[in-house]
Structure formats: structure tokens, C-alpha cells
Amino acid sequence: MPREVMEYDVVIVGGGPAGLSAAIRLKQLAAENQREVSVCVLEKGSEIGAHILSGAVIDPKAINELIPDWRALGAPLKTPVTEDRFMILTADKAYSIPNWLLPPLMSNHGNYIISLGNLCRWLAQQAESVGVEVYAGFAAAEILYDARENGGAVLGVATGDVGIAKDGSRKPEYQPGMELRAKYTLFAEGCRGSLSQELMSRFNLRDGIDPQKYGIGLKELWQIAPEKHRPGLVLHSQGWPLDTATGGGSFLYHFEEQLVAVGFVVHLNYENPYLSPYDEFQRFKTHAAIRGTFEGAKRLSYGARAINEGGLQSVPRLVFPGGALIGCAAGFVNLPRIKGTHNAMKTGMLAAEAAFAALREDRQHDALSAYSAMFRQSWVYDDLYKVRNVKPGLKWGLWGGTAHGGVHMWLSDLGLGALVPWTLRHDKPDHESLKPATEMPKIEYPKYDGVLTFDKLSSVFVSNTNHEENQPSHLQLRDPTIPVDVNLALYDGPEQRYCPAGVYEFVAAGASAGAGKRLQINAPNCVHCKTCDIKDPRQNIHWVPPEGGGGPNYPNM
Ligand SMILES: Cc1cc2nc3c(=O)[nH]c(=O)nc-3n(C[C@H](O)[C@H](O)[C@H](O)COP(=O)(O)OP(=O)(O)OC[C@H]3O[C@@H](n4cnc5c(N)ncnc54)[C@H](O)[C@@H]3O)c2cc1C
Ligand code: SF4
């Protein structure tokens, strides 16, 4: 069956803050210059926002530039930050760090506590109102390339076929994917985008660049008792329940309608295969300084998503013939600020400006080198440059790393950044950091109480995750023997613990006593966090987009 073909000037893969900002900026430039530019955004979630999970405290710098009258247009930025607290936790104590000790760039004054999913829903309305075609429920599954002898440029993407059964046969409702061809294709898939990974490898975009570093962020949304609600309060912590060698920390934000967003990030360079980021998060909520917030409260939602942590030295080359990487598909998160949205939006806008200039010159399918140059001169670059040594310095542990990062950021804030001209490097990718189980202590996690702490399956339930069951697994094993022969044998099956949705289980391989184990993959539970694609020690798990519309349905994460 031939595929339907649609032609655009620009196709954007991913309807998050980066993709939507790029789309809006293109249409703004087209209107200012009285030119027609056709723009389409593809989003794999069932609707815009369905797969978006963030903290989120956002720096309004980018939205101020993109849509200066966002207040009048009803943007969902309703809760300005009124109070910033930072704590170091031990098992039974909480030490508050006074605000005057924290580098000013960590201050959240002027920022807003929001649901990023809801901001994306609003951005999509703005995009549609200026003529962007937004298609949710369609995953870009394949990149279309020109023949290598013609330069091999990216010509667009194709959406996945719909209606393929688990065994590969076509179901009655089979529909072939659609080809969306474009003069330029912008990839805005967010952290560890599957097509973006392919592009980095095909065009050698990471050659000579430090490996990308990641964290897994787990989050719950709660509605709390009115007397405990402090709208505008932003609370961060480091320390317990993690040990001092494992990086990570918590966030807890009070915002509109008695809502509290609470979450925990664990850096994925952790070494102990017995560590379970999910259980660290559940345990965090039980700390004496935290649990009171949730008395009489109700959990509304749960989800998880990987976050880029590598910073400036891990940003790949951004352009290739026919397109560019924008937002977290490239990785512009400022880790100590735990903020990436403003940079995702701004890089989307910069790529849009470069693409528009190229279209005006009747160019197509070449590299948008102007975007790379604009990035280097932008405030995104400055934002990341100031904190570039914070993450690599965490190799000195909680205390050494925090002190080093603090001094580094203070010097930048005081205009003395030139005193630290060097850039520390990231030595290895996160999948190489696990140590054999026999060398590491087992971790016993407390039982869930069903009130403040919950098991994985009831958490997945409140993420509203849904996939068509009869489809090929979107979690592909490059070598089916590795899970048992390597992961289970050497690391006691770490995928059982790092997956925040209970997708991976080692079960008896047969009825007989000596049958051994096999890996069972419960793909329909996947919340699309991408952690398995990152952390599997042999890079044996390949995450590909399932049928469009599948995955979590986050209401307002
Ligand atoms: C736990 C956590 C807390 C955070 N807290 C904050 C915070 O407080 N403040 C802040 O500024 N930033 C925060 N961040 C970072 C911020 O969320 C990201 O920087 C930002 O979301 C990046 O935007 P993006 O558009 O690049 O990617 P995303 O927001 O990830 O959006 C990508 C979109 O593309 C879609 N997509 C992916 N692949 C495909 C495909 N093949 N086909 C179609 N669609 C596809 C996805 O479904 C998604 O909707 C946090 C991140 C996490 C994980
Ligand atoms: S299967 Fe992978 S991507 Fe899906 S929830 Fe588990 S770790 Fe995340």
C-alpha cells in the first residue's frame, strides 16, 4: 500500500515547548514578512501535553520574547514564586541553607510554578491560531533521507504504520504511515529522542563531544489540605534518602488549586544495581520534614521522564543537511537550576529564525549553520556556560561536589567567571557506571503504606497509561540473551528497579524447578521515560515509538 505524502516548508517532530515555540516563531516571521510558510507539528501523545512531565518552575525569559502579551492571552502561568527553600536532608534531620548562601542564579524570584503540560496545551492553541497544523496522536517513526550519493539530507519523516499485530501481520484496521516531507525538519523530541539518537549517530553529531549525562525524574501531583497550602513556595533538597556518592535531589512546588508537585531526580550514573529510583522517591516522601505536607492529601497523578544533565560540554552539533535538533533533543537543561524549558523554547525560536532565513533565500535540505552560530551568541549559551562545571564536579560526592558547584556559580554571579577558565569533562556514559551486584550492598526498601507511598502498578494506573496491546513491542532487545546472561547474572537484573513503571520482570522460564529465568516485558505499562534506553549496561534495549497516541495521558504534569 503506497504511503500518502504531504509536503511542508517545515516539519517539527514533537509538540513540547521547543517544537511549539519553533512553530509559532516561524509563523510570526512569515506574517511579519508577508510570506506563506507551511508548518506542521507531530506529537506522539494522544493530545498535546499528554506526554509532558516536568517540575515545573519556569523562567519566563523565552515566553516574554516569544509572546510578550502572554498574560493578556491567558497563558497558564498563574503562580509566581514567593518563597525559595533549600534543605540538606539526613535520615532524621533537615538543615535549611540560608538563601544568602545560595548563588543568585539559583534564585527563583521572578519565575512561575506551572504545569508544563498545560503550558504546552496553551502554546498549541496559539500555534493553531496562527495557522500551524498540529497533529497529536502521530509518532514520527522513520526519518526520510535523500540517497547518499545526493548528500543523504533529511527530507522529512514518516509516521508509523497503524494496525500491525504483535506477530507482524496486518490487522483489518491496518493503515500505512504517512510521509511528511519538508524543506527543513526540526527534531524536538525532548530528552533521548529516538529519531534524534539516530541522527546523532548517522551524522556523527557527537564526535569529539562529551557523552550526554542523564537523570530520571519521578513526579506525583497531589491535592493537599487548604491549611497546608502555601502557593508560591518552592522547596528543593539534596541528601537523604540517597547516599553521599549518588547524585540527585527532590523538588516540591505549591501552586494553584491546592496542588503540590512533588518529585525526585536520581542521576543515572549511579553505581549500585540494587538502587531503585522509584523507591528512593517513595521513601523521600516519608521524611519527617516532608510527610506533614501530605497529611489529609490525595494523590492525583504519577509519571516519570528522563532529564538531560550533561550541560554545555554534552551539547552535540546541532545541524545536519535538512534539519536541526532543538530543545532537550539536543540537551539544554541547566542542572543546578533544574530548568530546561526556557532554553528549549529559545533554541526552538533560534532554529525557526535560521530556517525562515533559509526559506527566504529559496534554500532547502542544507545545514542551518546560522542556528549553531546564533546558539553560541545567545543567552542559552551563557546560561549553560556559567554552570558547566557543576555536574562534572559531583564526582566528588554530595559535600565536595556541592561546595565546588557553589563556589563556581558564585564566581560567575560576581562576574569573576574568568578565574575558572577550564571546563571539566564528563568521563563516561551513564550505562557504564553500574558495578557488579556482588560488589555492592543490597538495599532494603520499606513496604508501601498505600497512603503516602504506593507500589508501581497503582502508580502506573494514575498515569493513565494506555497502549494498543496487540502491536509489536516498542522495547526491542538487540540481543535477547543479554537480559539473563549479562544483566541478571552480573547486575541482578537492574531493569527491574530502574524502570519506574514495572515494565521489566524476571519470571520463571518454565514450569520445572531448574528452568531458570526469562525477561518478561510488560510494554503496555511504559510511561515513555526512556531510562531503559539510557541505563541498560550493554545498550541492548532500543526504545522505538509505539503506535501514535499510546503512552501516558498526563492531565497536568
Ligand atoms: C522531573 C523533571 C523536572 C523538571 N523540572 C523543570 C523545571 O522545574 N523547570 C524547567 O524549566 N525545566 C524542568 N525540566 C526540564 C524540562 O521539562 C525540559 O527541559 C523541557 O520539557 C524540554 O522541552 P522539549 O520541548 O525539548 O522536550 P519535551 O518537553 O520532552 O517534549 C517533547 C515532545 O515530543 C514528543 N515526541 C517525542 N518523540 C516523538 C516522536 N518521535 N514523534 C512525535 N512526537 C514525539 C513527546 O511526546 C513530547 O510531547 C524538568 C524535567 C524533568 C524530567
Ligand atoms: S520501559 Fe523504559 S521507557 Fe518505558 S517506563 Fe520503563 S524505563 Fe521508562
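Counting from 1, the numbers follow the sequence of the chain as shown. Excluded from the calculations below are hydrogen atoms, water molecules and symmetry mates; all remaining heavy atoms, backbone and side chain alike, are included. First listed ligand is number 1; within each ligand, the first listed atom is number 1.
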Please could you name the atoms of ligand 1 that Phe138 approaches to less than 4.0 Å, counting only its heavy atoms? 43 (C)

What atoms of ligand 2 come within less than 4.0 Å of a heavy atom belonging to Cys526? 1 (S), 3 (S), 4 (Fe), 5 (S)

Taking distance alone, with N or O pairs closer than 3.5 Å, would you say His342 contacts ligand 1? no

Any luck finding a side-chain donor-acceptor pair between His528 and His467 under 3.5 Å? yes

Can you name the one residue among Lys346, Lys339, Arg337 that meets salt bridge (charged side-chain N to carboxylate O under 4.0 Å, His left out) with Asp59? Arg337

Quick one: does Tyr504 get a heavy atom under 4.0 Å from ligand 2? yes

What atoms in ligand 2 come closer than 4.0 Å to a heavy atom of Val503? 1 (S), 6 (Fe)

Taking only heavy atoms of Lys530 into account, list the atoms of ligand 2 that are under 4.0 Å away from them. 3 (S), 8 (Fe)

Quick one: look up the protein heavy atom nearest atom 3 (C) of ligand 1 and list residue, atom name and how far away it is. Gly55 N, 3.2 Å

Can you tell me which residue and heavy atom of the protein come closest to atom 5 (S) of ligand 2, and the distance to 0.1 Å? Val527 N, 3.4 Å

Judged on heavy-atom distance to atom 28 (P) of ligand 1, which of Gly190, Pro552, Cys328, Gly49 sits nearest? Gly190

Below 2.8 Å, can you find an N, O or S atom of Cys532 next to atom 8 (Fe) of ligand 2? no

Hey, is Lys339 touching ligand 1 through its side chain, its backbone, both or neither, going by heavy atoms under 4.0 Å? both

Per atom 46 (C) of ligand 1, closest listed option by heavy atom (Arg337, Glu142, Glu43): Glu43

Pair Ser196-Glu189, side-chain donor/acceptor within less than 3.5 Å: yes

Please state whether the separation between atom 2 (Fe) of ligand 2 and some N/O/S atom of Cys499 is under 2.8 Å? no

Subset of ligand 1 atoms that lie under 4.0 Å from at least one heavy atom of Ala139: 42 (N), 43 (C)

Subset of ligand 2 atoms that lie under 4.0 Å from at least one heavy atom of Trp543: 3 (S)

Nearest non-hydrogen protein atom to atom 51 (C) of ligand 1, with distance, is Ile307 CD1, 3.4 Å

Between His236 and Tyr253, is the gap from one ring center to the other below 6.0 Å? yes

Record the part of Ala188 in heavy-atom contact with ligand 1 below 4.0 Å; permitted values are side chain, backbone, both and neither. backbone

Mind checking whether Phe332 and Phe375 have ring centres under 6.0 Å apart? yes

